[in-house]
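Report on the structure given below.
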Amino acid sequence: MSELAKAYDPNPISDKHYENWLQSGHFHAEPSSEKPPFSIVIPPPNVTGILTLGHVLNNSIQDILCRRARMQGKEVLWLPGTDHAGLATQTKVEESLIDAGTSKDEIGREAFLEKTWEWTEKHGGIIIEQLKKIGCSCDWEREKFTMDDDYYDAVSEAFVKLYDRGHIYRGYRMVNWCPSTQSAISDEEVIATPQNSKLYTMKYEVVEEPGTFLEIATTRPETIMGDTAVAVHPEDDRYKHMVGKHCRRPFPQADIPIIADDHLDMEFGTGVLKVTPAHDNADFEIGQRHDLPVIDILHPDGSVNCPDVPELNGLDRFKARNKAAEMLEEMGLLIKTEKYKNNVGFSERGQVPIEPRLSEQWFLKYPKTQETLSAVLNGHVKFHPERWTKVYQHWLDNIQDWCISRQIWWGHRIPVWYKNDEIKCQKNSPGEGWTQDPDALDTWFSSWLWAYQTMDAECQKKFYPTSVLVTGPDIIFLWVARMIFAGLEFEPSGTSEMKQNIPFKDVYFTGLIRDNRGRKLSKSLGNSPDPLDLVTKYGADGLRFGLLRVAPQGLDIRYDEKQIEEGRNFCNKLWNACRFRQMQGDIDPNANPYDHQLSSYAHLILKQTDELIEKVDKHYDNYQFNQVAGTIYGFVWTQFCSRYLEAAKADFNDESSATRAGTLATFDFVLSRILRLLHPFCPFITEELWLDLNYGEDTIQFAKWPQRLETNWDEAATTQAEKIFDALDQSRSLRGEFGISAKQKVKFSLKLSGELASGDQAILESLMSAESLELITEAPARTPMVLTTLGDLFLPLDGVVDIEKEIARIEKALIKVDEDITRENKKLSNTKMIENAPAEKVAEWRQVLADAEERKAKLTEQLSHLK
RNA sequence: GCGGUCAUAGCUCAGUGGUAGAGCACUACACUGACACUCUAGGGGACGGUGGUUCAAACCCACCUGAUCGCACCA
C-alpha cells in the first residue's frame with residue numbers, strides 16, 4: 001500500500017491503469033461465457049474524425065453502462081469501430097489533391113481510392129486513441145471499419161438481396177442535388193435553413209393579348225430559361241380567362257402556355273407561378289400533370305447551362321440570379337424587388353443550398369414499414385426519453401423512398417453491372433464486357449447493418465440483439481430507424497421472430513451540448529473545447545463526472561468549463577477522504593461494522609449508504625445519469641465527508657474510545673461501496689483507490705455491485721445522530737450570529753429534551769470544538785439560546801453578550817414560528833381538509849403545529865428573560 | 001401550418017399532489033492535522049401568465065406568452 005499524495009493527480013494514474021486493463025484483457029467479450037450477455041455497439045465515429053465533447057458524453061454513457069454491467073456479473077461486449085463516412089472523407093481527400101495541384105478526375109478512380117485509403121490510414125484511428133484516453137472499455141480486438149473486406153461484402157449482399165426482393169429500383173427522378181459535392185443526397189440530409197432572400201415581381205406579356213401582362217413573383221429569376229409554363233389556380237377569377245393562352249418568356253424568348261393547377265395558392269404573391277419542371281419539386285409534379293417539357297438549365301456544379309442566353313451561360317447560379325434580375329429590369333419587365341424570408345434546403349455536408357434536380361438514381365422502397373413502426377410502438381424497442389417515439393412514428397407515417405446512390409468514389413460501389421441493355425445485380429462482375437455502375441452507396445446504407453454485421457457468428461449468437469443503443473436524436477431517421485429496418489428485413493438471428501431480430505432493446509438519446517449562451521458547439525464559433533485539453537487539466541474522471549452531472553436526460557446541456565472543474569474537485573475530495581482513511585492504518589477489506597460496537601453516527605451513515613444504493617440503482621435503471629452523479633456527489637461530500645468523517649475524528653483521536661473499531665470498520669464498509677458505485681463514472685480514480693486501500697486484491701472492475709443491506713436499522717441511534725448533527729448546525733449558526741470563529745473554544749450548555757449518551761456527548765463536544773458542553777436542567781438567564789431537536793442550546797458569553805442583538809434574533813425566529821403556526825392552523829381549521837386528507841397527514845400536521853407551538857413558548861419565555 | 005420540448009434563486013438545473021432544493025456565483029469568516037481543487041456561516045424564489053380539477057397544485061388539465069427543436073411548406 002503506497003501512501004496517497006496530498007493532491008490527486010489524475011493523468012499518470014489513468015494511463016497506468018488503462019495500460020493494465022488492456023494487457024489483462026479485461027475488456028474482452030467471451031461469447032462462450034455462461035454469464036448473461038450485455039452488449040452495445042458504438043455509434044461509429046468518422047474514421048478521420050476527432051473527439052468532441054459530444055463524443056465524450058455519448059461514449060461515457062456507454063462506458064458507464066458497460067462497466068456497471070460487468071460489476072453486475074454480466075458478460076459484456078462493447079463493440080467499437082469507425083465509419084468510412086463517404087462524402088466527408090472524399091471531400092477532405094479532394095481538397096488535399098487540389099492543394100497538391102491535381103484533382104480526383106485527373107488521377108482517376110483507382111488512384112483516388114488508393115489515396116483515400118492512405119489518408120484513412122494516416123488520419124484514421126486518432127479518435128480511437130482518444131476514446132481510450134477517456135477510459136472507454138471497448139473490446140478493441142473486435143474493432144470494425146465499414147470498409148473492412150467482410151463488411152464491404154455484406155453491404156453488397158444486402159443490396160443484392162433487396163434488389164432481388166424488388167425493394168430497390170433505378171429511376172429518373174427529382175432528387176436533392178448538392179452542387180458542392182456534385183452528388184445526390186437523401187431527404188434526411190437536407191437541412192431547411194431560413195434565408196434572407198429577395199422576392200422579384202416581374203411581368204410576362206400575354207401573347208394573344210398584346211399589351212396585357214401577367215405579374216409573377218419569384219425568388220429564382222435565374223431559372224426563367226427553364227420555365228415551360230405559367231400556372232394559375234383554376235378558380236382564380238382574376239386569371240381564369242387566360243388559361244389556354246400563352247405568355248412570352250423573356251429569355252430565351254419563347255411562348256409558353258398558361259395552365260391551371262390546384263397546387264396554386266391564390267393568396268400568395270400575385271397568384272401566378274412560373275413553372276420550372278427541371279428545378280423544383282412542385283413544378284416537376286405540375287409538369288407531369290400537364291405534360292410539360294423539362295428543360296434542365298444547370299450544370300451539376302450549379303452553374304448555368306444555357307448557351308441561348310450568353311449573358312447568363314456559365315455563371316454561378318447566385319451570380320446568375322442577380323444578372324437575370326438586371327436583365328429583366330433593362331427589359332422593363334421587373335416591377336419590384338422585395339426583401340423576403342424563406343426556407344432554403346441546405347446540404348448538410350456541402351454547406352450550400354441544394355438544387356432539386358432530375359437525375360437517374362437508385363432508390364430503396366423501404367420494406368416492412370409496419371413492422372418497423374410496431375417494434376417501437378409495442379415496446380420491443382424502448383426509447384428514452386419516450387417522446388421520441390412520436391417523432392419516429394411521424395417519419396414512418398410519411399416515409400419516402402430512400403435515394404441510396406451517391407456520385408462519389410469512396411464507399412461501397414453499387415453492385416450492378418451493365419452490358420448493352422442488360423443489367424445484372426450481383427457482387428462480382430458477370431464477365432467480359434460488363435461495366436459496373438460508377439456510383440457508390442450512401443454511407444448510411446452501410447451503417448444500417450452495424451448492429452449485427454460487426455459481430456462474427458459466435459458473437460451474434462451470444463450478443464444479438466444488443467442491450468442498448470446510445471446516440472443523438474439527430475440521427476433517429478438516418479441511423480436508428482434504418483437499423484431497425486435492417487434487423488427486421490435481414491433477420492440476423494436466423495429466425496423470423498421479431499424480438500430476436502430487432503437490433504436493440506433500449507435506445508438512449510443524449511442531449512446536445514451547447515455553450516453557456518445556448519449556441520451549438522462548433523468549430524467556426526470557436527466555442528468547441530478540445531476534450532483532451534480538458535483531460536489534461538481535470539483528468540478523464542473529472543471530465544466524465546462533471547459532464548454527466550449536468551446532462552439531464554433528453555435535454556440539451558449548457559456546457560461550462562466550471563462544471564468540469566467541479567468534477568475534478570469532487571475527485572479530489574474523494575481522494576482526500578481516502579487519504580484520511582489511510583492515515584488511520586489497519587485496513588480490513590472484509591470489515592463488518594456489525595461485529596463492533598457502533599456510535600450513533602455510524603448507524604446513521606450505514607443507513608444512508610443503504611438508501612444511497614437504492615437511489616443510485618433506481619436512477620441507473622431509469623437512465624438518469626445526472627441523478628446518479630448528483631446523488632453520489634451529495635452523499636460523498638455532505639453525508640460522508642462533512643458529517644461522518646468529521647465525527648469519526650473524535651473516535652480516531654481517542655485511543656480508548658469504545659466505538660473506535662466500529663467507526664473504522666464502518667469507514668471501510670461505506671467507502672468500498674462508494675468506490676464501486678462510482679466506478680462506472682470515474683473508472684481510474686476508483687481503481688487506484690480500490691487498490692491503494694486494499695479493498696480488493698485485483699481490479700475494481702469486476703468487484704460485486706453493491707447490494708442493499710435491508711437490515712433492521714437501529715432507529716433510535718440514527719435519530720439520535722440526526723439530532724446531534726442538528727445541534728451541531730445550530731451551534732455553528734449561533735457562533736456565526738455572535739461573530740465567534742469556528743475554532744475559538746467556547747462553552748456551550750445544553751438543556752436536553754431527551755437523552756444523550758456520554759460517548760455522543762464527547763463527539764458533539766468535539767464537533768462543536770467546544771471548551772466544554774455542560775448538561776444543564778435550568779435555563780440560564782440573559783444567555784443566547786437556540787432550539788434544537790436535541791434540546792435547548794445556550795452559548796454563555798460571560799456578560800459580553802449584546803442583548804439587543806439577541807432580542808432581535810429571537811424575535812426573528814418568532815416570526816418564522818408564527819408563520820408555521822398560521823399555516824398549519826389554516827389547514828387544520830379547514831374542515832373539508834380534515835375530512836378528506838388521509839389521517840396520517842392530518843396527524844403529521846398536528847405534530848408540526850404542536851412542535852411549532854412548543855418552540856414558540858420557549859422563544860417567548862427566552863424573550864421575557866432578556867427584556 | 002402540424003408536432004415535440006422547455007420556462008423554479010444571478011447562472012446551470014433537481015424536485016409526479018401535502019412546510020420551495022442542490023451546485024456554482026455573491027457576502028462574511030477561517031492558511032482548523034484529509035482536502036484552499038478547502039472549511040464555516042449568511043443573503044437571495046408570489047416555481048412564466050390566466051383559468052380549471054382537488055380538502056390540498058411548482059407538480060394534473062386547458063388556454064395564453066416566450067424560447068427552442070423536428071416535420072411540412074407559397075413560387
Side-chain angles (χ1 to χ4, degrees), chain A residues 4 6-8 187 192 199-200 216-220 223 231 263-276 280-283 286 340 342-343 385 387-388 390-391 393-395 397-398 473-474 476-477 512 514 516 518 538 542 549-552 554-560 562-563 565-584 624 626-627 630-631 633-634 637-638 641-642 645-646 649 653 729 732-737 739-744 769 819-820 823-824 827 830-838 840-842 844-845 848 852:
Chain A
L4 293 176
K6 184 169 177 178
Y8 156 63
D187 296 345
L199 185 65
Y200 304 89
I216 307 169
T218 181
T219 53
R220 304 202 56 191
T223 63
H263 167 77
L264 269 89
D265 178 356
M266 291 188 270
E267 308 292 317
F268 187 88
T270 60
V272 187
L273 169 73
K274 73 191 223 11
V275 184
T276 324
D280 184 279
N281 284 316
D283 289 11
I286 294 174
Y340 182 63
N342 63 343
N343 282 329
R387 64 187 149 87
W388 292 109
K390 222 167 192 174
V391 177
Q393 174 166 16
H394 184 258
W395 181 71
D397 285 345
N398 297 284
D474 49 333
I476 188 167
F477 313 135
L512 220 64
R514 297 172 177 279
N516 54 13
Y538 305 109
R549 195 161 76 100
V550 295
L555 293 177
D556 289 354
I557 297 144
R558 296 281 182 121
Y559 163 80
D560 194 299
K562 266 258 174 290
Q563 296 154 344
E565 194 182 326
E566 283 171 37
R568 188 270 316 263
N569 295 354
F570 173 72
C571 290
N572 187 59
K573 187 77 180 175
L574 180 69
W575 179 268
N576 277 287
C578 292
R579 182 163 169 266
F580 173 78
R581 171 61 191 88
Q582 202 182 44
M583 287 171 174
Q584 315 309 321
Q624 290 180 313
N626 61 323
Q627 302 275 51
T631 304
Y633 183 98
W637 208 293
T638 307
C641 289
S642 298
L645 188 151
E646 290 301 325
K649 284 178 182 172
N653 292 336
D729 288 342
R732 285 171 174 167
S733 289
L734 204 50
R735 274 176 186 267
E737 296 283 348
I740 299 161
S741 78
K743 68 160 193 178
Q744 193 182 333
S769 57
E819 281 171 7
D820 289 350
R823 187 187 58 240
E824 295 308 316
K827 276 197 272 192
N830 182 339
T831 49
K832 273 190 177 174
M833 207 151 194
I834 301 294
E835 280 163 21
N836 290 298
E840 69 210 60
K841 278 287 166 203
V842 177
E844 201 182 300
W845 297 332
V848 172

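Because the structure is predicted, anything quoted here is derived from the model rather than measured. Reminder, nothing fancy here: chain letters follow the sequence lines and each chain counts from 1.
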Between atom [atom1] in [X] and atom [atom2] in [N], what is the gap in whole Å?
X: A:Lys841; N: B:rU19; atom1: NZ; atom2: C1'; value: 10 Å
X: A:Ile557; N: B:rC69; atom1: CD1; atom2: P; value: 16 Å
X: A:Asn836; N: B:rU53; atom1: CG; atom2: P; value: 15 Å
X: A:Arg514; N: B:rC13; atom1: CZ; atom2: C1'; value: 16 Å
X: A:Asp283; N: B:rA75; atom1: CG; atom2: P; value: 11 Å
X: A:Asn398; N: B:rC2; atom1: CG; atom2: C1'; value: 10 Å
X: A:Gln393; N: B:rG3; atom1: CD; atom2: P; value: 14 Å
X: A:Asp474; N: B:rC71; atom1: CG; atom2: P; value: 11 Å

Please work out if [X] contacts a base, only the sugar-phosphate, or nothing of the nucleic acid, heavy-atom cut-off 4.0 Å.
X: A:Tyr340; value: sugar-phosphate
X: A:Arg549; value: sugar-phosphate
X: A:Pro473; value: nothing
X: A:Glu566; value: sugar-phosphate
X: A:Lys562; value: sugar-phosphate
X: A:Gln563; value: sugar-phosphate
X: A:Asp556; value: sugar-phosphate
X: A:Asp280; value: nothing
X: A:Trp845; value: base
X: A:Asn830; value: sugar-phosphate

Same-atom distance ([atom1]) from [N] to [M], integer angstrom:
N: B:rA41; M: B:rG49; atom1: C1'; result: 37 Å
N: B:rA14; M: B:rU5; atom1: P; result: 15 Å
N: B:rA25; M: B:rC64; atom1: P; result: 41 Å
N: B:rG51; M: B:rA57; atom1: C1'; result: 13 Å
N: B:rA22; M: B:rA34; atom1: P; result: 27 Å
N: B:rC35; M: B:rA28; atom1: C1'; result: 22 Å
N: B:rA58; M: B:rG48; atom1: C1'; result: 12 Å
N: B:rA46; M: B:rC11; atom1: P; result: 14 Å

Would you mind telling me which residue lines up with the more 5' stretch of RNA chain B, A:Thr219 or A:His394, judged by nearest nucleotide?
A:His394
A:Arg823 or A:Thr638: which one's nearest nucleotide on RNA chain B is closer to the 5' end?
A:Arg823
Taking all non-hydrogen atoms of both residues into account, name the closest pair between [X] and [Y] and its distance.
X: A:Lys649; Y: A:Phe580; value: CG-CZ, 3.7 Å
X: A:Thr270; Y: A:Ala217; value: OG1-N, 3.8 Å
X: A:Leu264; Y: A:Ala231; value: CD2-O, 3.2 Å
X: A:Lys274; Y: A:Ile216; value: N-CG2, 3.7 Å
X: A:Asp556; Y: A:Arg514; value: OD2-NE, 2.8 Å
X: A:Lys573; Y: A:Cys641; value: CE-CB, 3.8 Å

Please pick, from [options], the nucleotide with the shortest atom-to-atom distance to any side-chain atom of [X].
X: A:Gln624; options: B:rC71, B:rG23, B:rG15; result: B:rG15
X: A:Glu824; options: B:rU5, B:rA75, B:rU19; result: B:rU19
X: A:Asp265; options: B:rA75, B:rG23, B:rC71; result: B:rA75

Just jot down the side chain to side chain donor-acceptor pair (under 3.5 Å) partners of A:Lys827, sequence neighbours excluded, or say none.
none
Donor-acceptor pair, A:Gln563 side chain versus A:Asp560 backbone, under 3.5 Å?
yes
Does B:rG4 have OP1 or OP2 under 4.0 Å away from a side-chain N or O of A:Lys390?
yes
Check this one for me: any side-chain N or O of A:Tyr559 less than 4.0 Å away from OP1 or OP2 of B:rU12?
no
So [Y] and [X], do their side chains get closer than 4.5 Å, heavy atoms only?
X: A:Arg579; Y: A:Asn576; value: yes
X: A:Leu273; Y: A:Asp283; value: yes
X: A:Leu4; Y: A:Cys578; value: yes

Could you list the protein-to-nucleotides 6-11 of chain B atom pairs, N/O on both sides, closer than 3.5 Å?
none

Euclidean distance, A:Asn569 CG relative to A:Lys562 NZ, rounded to 0.5 Å:
8.5 Å
Trace of the salt bridge (Lys or Arg N to Asp or Glu O under 4.0 Å) decision for A:Lys832 with A:Glu835:
CA-CA 5 Å; A:Lys832 273 190 177 174; A:Glu835 280 163 21; over 6 Å; no
Secondary-structure notation, RNA chain B, from Watson-Crick and G-U pairs under 3.5 angstrom (| other strand)
((((((((.[[[[.)..(..]]]].(((.(.......).))).....[[[[[..)....]]]]])))))))....
Which glycosidic conformation, syn or anti, is assigned to B:rA58 if syn requires a torsion within 90° of zero?
anti
What residues form a ring-ring contact (aromatic ring centres under 6.0 Å, His included) with A:Tyr633, not counting sequence neighbours?
A:Phe570, A:Trp637
Set of residues satisfying ring-ring contact (aromatic ring centres under 6.0 Å, His included) with respect to A:Trp395, sequence neighbours excluded:
A:Tyr366, A:Phe477
What is the per-nucleotide protein-contact pattern of nucleotides 29-42 of chain B, from the 5' end, where B denotes a base atom under 4.0 Å from a protein heavy atom, S denotes such proximity for sugar-phosphate atoms only, and - denotes neither?
-----BB-BSSSSS
